[in-house]
Amino acid sequence: MSRPAGRGPRRLTRWWRRRSLRTRLTVIAATAIAVSVFMAFQVASELLDWELRDTAEEQLRADSRVLATTAQRAGLAQVRLPPYPGSGRLVRVILSDGSTRTPAGQPALPPVSEHAWRVAQGASADLMESDDSDDGYLVYTLRAGDGAVQVARVADDSPINQFGFGMLLIGLLCVVGGALVGRTVARTGLAPIDRLTAAAVRVAHTRELDADIPDEGGGEIRRLIQSINNMLAALRDSRLAQRLLAEDAAHELKTPLTSLRLNVELLIRLDRRGTLDSALPAESRTRLLNDLGAQVAELSTLAAELTDLARGDVSDENTELLDLADVVGAAATRARSRVPDIEVALDVTSVWVSGRPAALQRAVLNLVDNAGKWSPADQPVQVRLRAEGASAVLEVDDAGPGIDAADVPRVFDRFYRADSARALPGSGLGLSIVQRVVDAHGGRVTVARSARGGALLRVGLPAAAPPAPAARLTDGEDTAVR
């Protein structure tokens with residue numbers, strides 16, 4: 001059974017792909033030199049053959065002219081033809097009656113061709129022709145008197161053969177030398193790659209990201225090393241951020257967990273003793289249970305915020321064109337449902353942005369929640385949204401005590417809580433999540449003092465052109481159908 005025609009090339013391709021880059025460069029260099037030598041040999045052989053043939057033809061013409069001059073003086077039938085010396089040129093006289101004369105002892109020449117007879121009959125002055133016999137004669141026929149003289153020479157390929165043999169030896173030496181040079185150049189050129197590979201393997205085995213790879217070489221090698229060093233720096237920053245997040249999370253979780261554990265242990269101990277009702281009156285038990293519920297809620301909120309913070313800018317949510325006024329309204333509704341006592345006063349206008357709806361709603365909700373912690377019961381949280389030039393500006397204003405100047409630089413740090421906020425519920429992650437979301441959308445969030453004396457948090461996002469009216473109508477119809 002015959003093998004498929006494409007199996008051989010595929011096998012050669014697989015073999016080639018399994019070779020190392022150093023081996024490939026060596027083979028490519030040797031092949032390139034071999035092809036170059038072969039092409040040079042072909043061109044040089046053709047030039048040498050043309051030169052030798054041209055020289056031979058010129059010599060035959062010169063010898064023919066000498067013989068023709070002698071034959072015209074003495075006559076073609078009487079001209080003396082010296083015996084053949086054993087090598088060199090061959091001569092022949094063609095008489096008018098069609099007979100020929102040759103020197104004694106000379107090897108037989110090919111029969112007179114039809115074109116040579118025409119020269120002897122005066123149809124043309126001369127003729128240069130090549131014989132196709134094994135001997136390969138080059139014959140020149142020249143009109144002389146009432147006939148013609150011919151001078152011939154055996155085509156000698158020995159110079160070509162000697163030249164080809166020499167070129168073969170030179171080619172082999174060049175190929176071997178080219179392979180060695182290619183191997184050396186590949187080893188030298190790939191030395192930075194080898195060191196880079198060793199460094200990458202060392203990093204993979206030791207998990208040590210602190211040692212940068214030395215910046216050496218130039219061009220593509222330098223850019224590759226710089227890219228890997230930048231990647232290592234990013235990995236170091238990521239590992240540091242993970243460690244800090246874990247440390248901060250452990251620190252923040254310790255307090256509510258400790259309080260929760262103590263309260264639960266107290267209830268268990270009193271229950272085992274059978275003194276739960278006597279030791280804890282109904283009012284105290286209710287207060288304790290409320291504390292437990294608040295601590296569980298705080299842990300749930302902290303876990304959710306830690307999850308959001310750990311995700312950073314990575315989100316499966318797609319970016320879409322949306323009206324930020326709808327996002328602000330939805331966030332205010334959620335804030336009221338979570339804390340019924342909070343009052344939110346909205347003053348919003350339609351401003352379109354390109355962003356992730358859920359992430360933006362979480363950021364606005366965190367701003368409203370943060371303002372709600374500080375606003376007095378009789379003072380609403382004011383939320384304003386407007387367009388300013390090419391930006392959508394959102395302001396969340398509370399009537400609380402405001403943020404101290406010393407706390408402003410750190411207000412968006414993870415887990416940072418001002419001394420005045422220690423007694424209030426919260427994890428210190430809300431504003432950090434706000435900054436992450438705003439940064440991911442190409443915006444900026446700042447803190448200032450409100451005209452009411454509290455804090456004014458201002459978010460600026462790049463505004464987008466609103467969709468066409470037809471598209472908005474279609475969206476409204478689709479929403480109504482749903």
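In this chain, numbering begins with 1 at the start of the sequence shown. Since we're looking at a predicted model, the values are computed, not measured.
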Kindly give the heavy-atom pair with the smallest separation between [X] and [Y], and that separation in Å.
{"X": "Pro82", "Y": "Arg80", "value": "CD-O, 3.6 Å"}
{"X": "Tyr84", "Y": "Arg89", "value": "CE1-O, 3.5 Å"}
{"X": "Leu76", "Y": "Ala71", "value": "CD2-CB, 3.4 Å"}
{"X": "Val327", "Y": "Leu360", "value": "CG1-C, 3.8 Å"}
{"X": "Ala68", "Y": "Ala144", "value": "CB-CB, 3.8 Å"}
{"X": "Ser64", "Y": "Val151", "value": "OG-CG2, 3.2 Å"}

About how many Å separate [atom2] of [Y] and [atom1] of [X], when rounded to the nearest 0.5 Å?
{"X": "Leu95", "Y": "Arg92", "atom1": "CG", "atom2": "CZ", "result": "11.5 Å"}
{"X": "Leu109", "Y": "Thr100", "atom1": "CG", "atom2": "OG1", "result": "9.0 Å"}
{"X": "Leu365", "Y": "Arg334", "atom1": "CG", "atom2": "CZ", "result": "5.0 Å"}
{"X": "Glu129", "Y": "Leu138", "atom1": "CD", "atom2": "CG", "result": "9.0 Å"}
{"X": "Leu60", "Y": "Asp126", "atom1": "CG", "atom2": "CG", "result": "11.5 Å"}
{"X": "His441", "Y": "Arg436", "atom1": "NE2", "atom2": "CZ", "result": "14.0 Å"}

Not counting sequence neighbours, which residues clear side-chain hydrogen bond (donor to acceptor under 3.5 Å, both in side chains) with [X]? List them please.
{"X": "Glu57", "answer": "Arg53"}
{"X": "Arg386", "answer": "Glu388, Glu395"}
{"X": "Asn370", "answer": "none"}

Sub-4.5 Å side-chain heavy-atom contact between [X] and [Y]:
{"X": "Val383", "Y": "Val368", "answer": "yes"}
{"X": "Leu67", "Y": "Gln150", "answer": "no"}
{"X": "Ile94", "Y": "Val119", "answer": "no"}
{"X": "Val437", "Y": "Arg356", "answer": "no"}

| request: Would you please say whether a donor-acceptor pair under 3.5 Å links the side chains of Gln59 and Asp63? | output: yes
Do side-chain atoms of [X] reach the backbone of [Y] as a donor and acceptor pair under 3.5 angstrom?
{"X": "Asn230", "Y": "Gln226", "answer": "yes"}
{"X": "Ser130", "Y": "Tyr137", "answer": "no"}
{"X": "Arg101", "Y": "Val79", "answer": "yes"}
{"X": "Asp323", "Y": "Val351", "answer": "yes"}

| message | Around atom CZ of Arg118, are there more than 12 heavy atoms from other residues, nucleotides or ligands closer than 6.0 Å? | response | no
| Can you name the one residue among Pro357, Ser354, Pro467 that meets side chain to side chain contact (heavy atoms under 4.5 Å, CB included) with Leu322? | Pro357
| field | Leu461/Leu394 under side chain to side chain contact (heavy atoms under 4.5 Å, CB included): CA gap, chis, key distance, verdict | value | CA-CA 8 Å; Leu461 296 173; Leu394 172 68; over 6 Å; no
